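Each remark here refers to the structure printed beneath this line.
Scope of the values below: all heavy atoms of this structure, side chains included, with no hydrogens, waters or symmetry mates. Nothing fancy with the numbering, it's 1 onward along the sequence. Note that the structure is a prediction, hence the values are computed from the model and not measured.
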Amino acid sequence: MQFQEWLRSLRFSGGDSKSEMDNLKTLLPSLPSSFSLSSLSLSPSSVVGLGALASLTTYWLVTRPRPIQPPCDLQAQSISVQGDQSCRRSALLKDDNLLEFYYEDTKTVYDMFQRGLRIAGNGPCLGFRKPRAPYQWISYTEVAERAQVLGSGLLAKGCKPNPQQYVGIFAQNRPEWVITEMACYTFSMALVPLYDTLGLEAMVHILNLAEISMVICDKEDKAESLLKIKEKGVTTTLSCLVLFNPFSAALLERGRKCGVEILQLSQIMVRSNINATPMTQIFFFFRLLPIRGHQDVSISYLPLAHMFERMIQVSMFCHGARVGFYQGDISLLMDDIKTLKPTFFPVVPRLLNRIYDKILGSVTSPLRRVILHYAVRRKQAELSSGVVRNNSMWDRLIFNKIQASLGGNLRFILTASAPISPTVLSFLRATLGCLIFEGYGQTECTAGCTFSMPGDWSAGHVGAPLPCAMVKLTDIPDMNYYAKNGEGEICIRGHSVFRGYLKDEERTGEALDADGWLHTGDVGQWLPNGTLRIVDRKKHIFKLSQGEYIAPEKIENVYTRCVPVLQVFVHGDSLQSYLIGVVVPDPEVFVDWAKERGVVGSYEELCQNPDVKKAVLEDMMAVAKEAGLKSFEQVKDLYLHPDMFSVSNSLLTPTLKSKRVDLRRVFSEQIAQMYSKSSI
């Protein structure tokens, strides 16, 4: 297949296939057929000069940077399906038949790890480190053995070897997380991740829905939070907790009192003669990253509870590559990166924004700033011709320290989870000197459905459809988006799309239509080159730049409890890490409320008073904290607006719901001003 052949060439090709001699000939002028060197009379110094020139020319031809050859025409990266311009598939495919598996013998996560085991054997697989120490490695063979032993122990504790057996895991990224995952897959059990930001209510729902009896935790505090739920009598099935770390006798006694057995991980690592029964359900896998085996290493710090990080890791395992874990403290991540020296760095835009800000913030001299931007422009000129490298003059003089701060070995970066600013993306592609890809997708389509094409280093889009999926846009009349104009809700269909939500037919029906299309709720736009741009959000749930989901209506309902607040519009931008708000104060109480705080003035004057704004924000923060809103769910800045949202001014629907698109448009200037301030 064309696509598979291109991927192999990306890994092993040495560049342009045209011979250097042919290239050299093109540089020489045409000479008469009767020409011979004997007809020339050259002095020895001339001969030496010509020899030097020829040597320099040959050296330049051999060492000059070569552009990455794209796998398809970059001006036509996707192709319409059956003539429907709103529905497109990858140009890497020969026809409309989607790619299901890259390797025919690799159809499950278990298969993928086994393939890596065959490639790497006793080679390093999972890395971890203690403070100020080098990384230690667990081999592929040892991971497979530990997974087999742990899986046998889970069966000995009553777990059943079938896909309907759900085992919970509540832990940070670490080797034991992966070993637990592989233990479950070895015996066809399903792993259900839990994480802190879910909140207790959501965890109760998950535990009860999946009828989870066993949860594996890393630390005692997580076990205590689960016992707290059990003690309230709201999780009747929970009966066993297994901890990675040592725990106190008090925790053991607390568990005994509420009927929960608490064990150390080593206590259920039981060797047995039980044969593995790996899960037979098809698990889609797509080879989208140029991984080259054991020489590649990725840093694991993004939550393993999210699909993005899970897909990164299984992609590494499938090729016998290595995964090194951070220490669990995000403030030490850069130290972990310098020590690990990863070749692959999966990121979310918020981290790239921090790197961008740090680079610019470190250049205080006007002269140095001019030189930096000039160097960036020169590297971006190379990028526009398809050349990606880290050994240019500008890399050696300007960017080497930046690259060294990320380990110095980076070959490629993948950013996903939220859109990234084109300015930041173009800047970092130049300064970091490595491939930076951008992808788009959802958990419901196994993380990815579009991916930026190697060789296309333009910004402002999320690439073309992957060979495993078709992407189409559908009309959204209420928002004035129509598929005939190349705009609409993004819908996905293909082998990577999920089958539905567990025991929830209603939500499944909302997400999947009768023809199997997954409706994402995101609004996209097809660009002339066949790539997709994300332009809006249909549903009132969005992501911040760090990947946290925000439900603005829930937050707005909390803020309306504040005494001075009558109406509030909470806004977030996927390129920003925090929320801002537009607040309409209650005219009946606002003047007196401000007077109690020592500020006198009319309603309109108070709306413009910065001290009053600060007081309103503090009141909102207090109410938010009391209601249990997390930090990322709280607005960090606001604008006080003196006029009510209403049906007559087109900011409310007839049912008095906020018209979010119109609110965003009306207050676009104020929103831009709030986000233009320094980071909060």
Side-chain angles (χ1 to χ4, degrees), residues 73-91 96 349 416-423 425 438-442 444-445 448-453 456 458-466 469-494 497 510-543 545 550 552 571-576 650-651 653 657-668 671-672:
D73 181 359
L74 295 182
Q75 300 308 310
Q77 298 182 38
S78 65
I79 297 172
S80 62
V81 177
Q82 297 179 354
D84 182 359
Q85 294 298 322
S86 67
C87 180
R88 307 188 71 83
R89 50 92 170 167
S90 173
D96 292 347
S417 182
I420 182 171
S421 163
T423 301
L425 185 58
E438 186 171 7
Y440 163 75
Q442 296 184 333
E444 290 84 350
C445 64
C449 70
T450 71
F451 196 76
S452 55
M453 197 73 71
D456 179 8
S458 61
H461 62 80
V462 292
L466 288 169
M470 292 181 182
V471 177
K472 76 171 181 178
L473 305 180
T474 60
D475 294 344
I476 314 175
D478 292 346
M479 300 177 70
N480 201 33
Y481 290 118
Y482 294 95
K484 65 181 181 181
N485 300 326
E487 300 174 330
E489 181 181 9
I490 300 170
C491 299
I492 309 161
R493 187 171 70 179
V497 172
E510 293 174 357
L512 292 173
D513 63 25
D515 295 322
W517 288 97
L518 170 64
H519 290 250
T520 66
D522 291 317
V523 181
Q525 176 188 45
W526 288 121
L527 300 182
N529 64 354
T531 59
L532 185 69
R533 174 183 291 162
I534 310 300
V535 297
D536 209 334
R537 178 73 179 162
K538 179 183 177 183
K539 298 177 182 177
H540 298 157
I541 296 178
F542 52 83
K543 279 184 181 180
S545 62
I550 298 296
H571 174 76
D573 190 320
S574 57
L575 298 177
Q576 304 291 341
S650 300
L651 297 181
T653 68
K657 294 180 180 177
S658 296
K659 298 177 71 173
R660 312 194 74 83
V661 174
D662 293 324
L663 283 163
R664 188 168 65 238
R665 174 181 52 79
V666 169
F667 295 106
S668 59
I671 289 170

Could you give the distance from [atom1] ([X]) to [atom2] ([Y]), rounded to the nearest 0.5 Å?
X    : Y    : atom1 : atom2 : answer
I534 : Y440 : CD1   : OH    : 5.0 Å
Q525 : E487 : CD    : CD    : 5.0 Å
Q77  : S452 : CD    : OG    : 8.5 Å
E438 : D456 : CD    : CG    : 11.0 Å
L575 : I420 : CG    : CD1   : 8.5 Å

Could you give me the CA-CA distance, side-chain angles and deciding distance for Y481 and L473, then say whether side-chain contact (heavy atoms from CB on, under 4.5 Å) is met? CA-CA 9 Å; Y481 290 118; L473 305 180; over 6 Å; no

Check whether any side-chain N or O of [X] sits under 3.5 Å from a backbone N or O of [Y] as a donor-acceptor pair, and report yes or no.
X    : Y    : answer
S545 : Q576 : yes
E489 : G521 : yes
S80  : Q85  : no
T520 : I490 : yes

Those residues that, when tested against R660, pass side chain to side chain donor-acceptor pair (under 3.5 Å) (two or more places apart):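 Applying side chain to side chain donor-acceptor pair (under 3.5 Å) to R660 gives E556.
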
For a side-chain contact (heavy atoms from CB on, under 4.5 Å) check, start with the C-alpha distance between I79 and R89, then their side-chain angles and the critical distance, and finish with the verdict. CA-CA 5 Å; I79 297 172; R89 50 92 170 167; 3.7 Å; yes

Salt bridge check, D515 against R493: does any charged N sit closer than 4.0 Å to a carboxylate O?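 A salt bridge is absent here (no side-chain N lies under 4.0 Å from a carboxylate O).
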
Minimum heavy-atom separation for [X] and [Y], please, with both atom names.
X    : Y    : result
C445 : I492 : SG-CD1, 3.9 Å
V462 : T450 : O-OG1, 2.8 Å
P465 : S90  : O-CB, 3.2 Å
D475 : K484 : OD1-N, 4.5 Å
W526 : S86  : NE1-O, 3.1 Å
A91  : A76  : CB-O, 3.4 Å

Taking side chain as C-beta onward, heavy atoms only, is V497 less than 4.5 Å from L512?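 A side-chain contact exists here, since the closest heavy-atom pair is under 4.5 Å.
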
Is the shortest heavy-atom distance from the side chain of W517 to the side chain of H519 under 4.5 Å?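 Side chain of W517 against side chain of H519, heavy atoms only: contact under 4.5 Å found.
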
Test side-chain contact (heavy atoms from CB on, under 4.5 Å) applied to Q442 and D522, step by step: CA-CA 10 Å; Q442 296 184 333; D522 291 317; 3.9 Å; yes

Take D573 and I671 through the test side-chain contact (heavy atoms from CB on, under 4.5 Å) and record every step on the way to the result. CA-CA 10 Å; D573 190 320; I671 289 170; over 6 Å; no

